[in-house]
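Below is one structure; the comments refer to it alone.
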Amino acid sequence: MRRSLHTEHEILVLLGEAESGVPIAEICSTAGVSLRTFYRWRQRYGGLSSPALRHLKELEIENQRLRSLVTKLVEGQPNANTAIKAAPVPQRQDCGSTPHGVAGAPGQGGGAVIGRYASVRYGR
């Protein structure tokens, strides 16, 4: 992101001039900024005092530091998919189903044949 040519303190001074009654167009032409930039500054810094702005900057720096720590912690952990192995799928014993991909010969197995096309597969 592009850095501002004006410091936060300078921006607060310009916003203070606007609150004291100086026309905004005059402030923008003197400072060399567009009206859009001025209103963006007013939206972001409006109502802040110098100590509050300093506190805001400290919080932003701390937030960035904490985000980097969380990123390092997440990267250091093993992948969740490799740590947890898939549990075996239990087979239903009451209906005689076979595991997927393993088909017995027709007539083997004493339970119901499961599937939409079971009669086609087993010729029943």
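Side-chain atoms are counted along with the backbone in the values below, which use heavy atoms only and exclude waters and symmetry mates.
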Which residue pairs pass the ring pair (Phe, Tyr, Trp, His ring centres under 6.0 Å) test with at least one member in residues 4-29, sequence neighbours excluded? His6-Trp41
CG/Leu59 to NE2/His55 distance, rounded to the nearest 0.5 angstrom? 4.0 Å
In Å, rounded to the nearest 0.5 Å, how long is the span from CG of Leu12 to OH of Tyr45? 8.0 Å
Here the gap from Leu56 atom CG to Arg54 atom CZ, rounded to the nearest 0.5 Å, amounts to 12.0 Å
Using a 4.5 Å cut-off between side-chain heavy atoms of Ile, Leu, Val, Met, Phe, Trp and Tyr, which other residues end up in the same hydrophobic cluster as Leu69? Leu66
Would you kindly confirm whether Tyr39 and Val13 end up in one hydrophobic cluster when ILVMFWY residues are joined by side chain heavy atoms under 4.5 Å apart? no
Mind checking the CG-OG1 spacing from Leu14 to Thr37? Nearest 0.5 Å is all I need. 11.5 Å
Residues which pass side-chain contact (heavy atoms from CB on, under 4.5 Å) with Gln64, listed by chain and number, not counting sequence neighbours: none
Salt bridge between Glu60 and Lys57, side-chain N to carboxylate O under 4.0 Å? yes
Taking side-chain contact (heavy atoms from CB on, under 4.5 Å) as the test, write out the residues that go with Arg67, two or more places apart. Asn63
Taking distance alone, no hydrogens or angles, what donor-acceptor pairs closer than 3.5 Å link side-chain atoms of residues 16-28 to residues at least two apart or in another chain?
from, atom 1, to, atom 2, distance (Å)
Ser20, OG, Glu17, O, 2.7

Not counting sequence neighbours, which residues clear salt bridge (charged side-chain N to carboxylate O under 4.0 Å, His left out) with Glu62? List them please. none
What distance separates Arg40 CZ from Ile11 CD1, expressed to the nearest 0.5 Å? 10.5 Å
